[in-house]
Amino acid sequence: LIVSLIFTAFFLTIITVAVGGLIGGIKKIEAGGDNDAIIGIKIGLRNFWKVLPILLVQKIVIGAAFLISMANLLVLLRSGDLVSAMMYGIGFVILTVLAVCAALISIYAIVSVVANQVSLKDAIRHGWDILLAHWLINIEMGFALLGGTIVITGLAILAILILSVPLIF
């Protein structure tokens, strides 16, 4: 348990520094400056305590949506009736939209915190405002990412199947 907590803290730290450093590095390049890994790490460490709460809230919301969806699935598997199936389907769609919205709001909020140096509350409000103002672009972006994920996953499965043929025969 202690080892898993240490690994979790380690990877959470790396992810938080990397996200903050990436956004800060992009801001620095846009301003006409140079960027390298050391500068990105410094920017990420400087913004660590601003980015961490946003990432934690994002993970909690997405995790809660996943757990609620799995609980609905267990109810469906136990009962097997049409009402449970409809409730699972409706709940799955609603919770998926909630998880995607949480992910997008957190991305926009992190950009606001790192690039614009606003407070955490204002950053989340700004992320929500961007999501509402550009909802169509966000839906298109979600479908594009979904399509890309499906294509890449399909190609990876196809490559694994092709490479495994000599091993089978």
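- Closest non-hydrogen pair, Lys50 versus Leu120, comes out as O-CD1, 4.0 Å.
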Margin query: Working note: Met87 + Asn72, criterion side chain to side chain contact (heavy atoms under 4.5 Å, CB included); need CA distance, chi angles, decisive distance, verdict.
Written below: CA-CA 8 Å; Met87 292 302 290; Asn72 288 341; over 6 Å; no
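- The list of side-chain hydrogen bond (donor to acceptor under 3.5 Å, both in side chains) pairs with a residue in residues 73-90, not counting sequence neighbours, reads Ser79-Asp81, Ser79-Ser84, Asp81-Ser84.
- The line from CD1 of Ile43 to CG of Asn47 is 7.5 Å long, rounded to the nearest 0.5 Å.
- Between Ala103 and Ile62, the shortest heavy-atom contact is CB-CD1, 4.3 Å.
- A pairwise comparison of heavy atoms in Val113 and Ala123 identifies CG2-CB, 3.3 Å as the closest pair.
- What you find for Ile124 and Ile105 is that their closest heavy atoms are O-CG2, 4.1 Å.
- Partners of Asp122 under the salt bridge (charged side-chain N to carboxylate O under 4.0 Å, His left out) rule, at least two apart in sequence or in another chain, are Arg125.
- Counting only heavy atoms from C-beta outward, the side chains of Val3 and Phe7 approach each other to under 4.5 Å.
- Among residues at least two apart or in separate chains, there is no ring-ring contact (aromatic ring centres under 6.0 Å, His included) pair with a member in residues 99-139.
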Give every donor-acceptor pair under 3.5 Å between a side-chain atom in residues 143-164 and any protein atom, sequence neighbours left out.
from   : atom 1 : to     : atom 2 : distance (Å)
Thr149 : OG1    : Leu145 : O      : 2.7
Thr153 : OG1    : Thr149 : O      : 2.7
Ser164 : OG     : Ile160 : O      : 3.1
Ser164 : OG     : Leu161 : O      : 2.9

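- Residue Val57 is found in a hydrophobic cluster whose other members, listed by chain and number, are Val61, Ile68, Leu95, Leu98; membership requires side-chain heavy atoms under 4.5 Å apart, directly or through intermediates.
- Among residues at least two apart or in separate chains, there is no ring-ring contact (aromatic ring centres under 6.0 Å, His included) pair with a member in residues 39-59.
- Inter-residue side-chain proximity for Ile38 and Lys42 is flagged as met; some heavy-atom pair is nearer than 4.5 Å.
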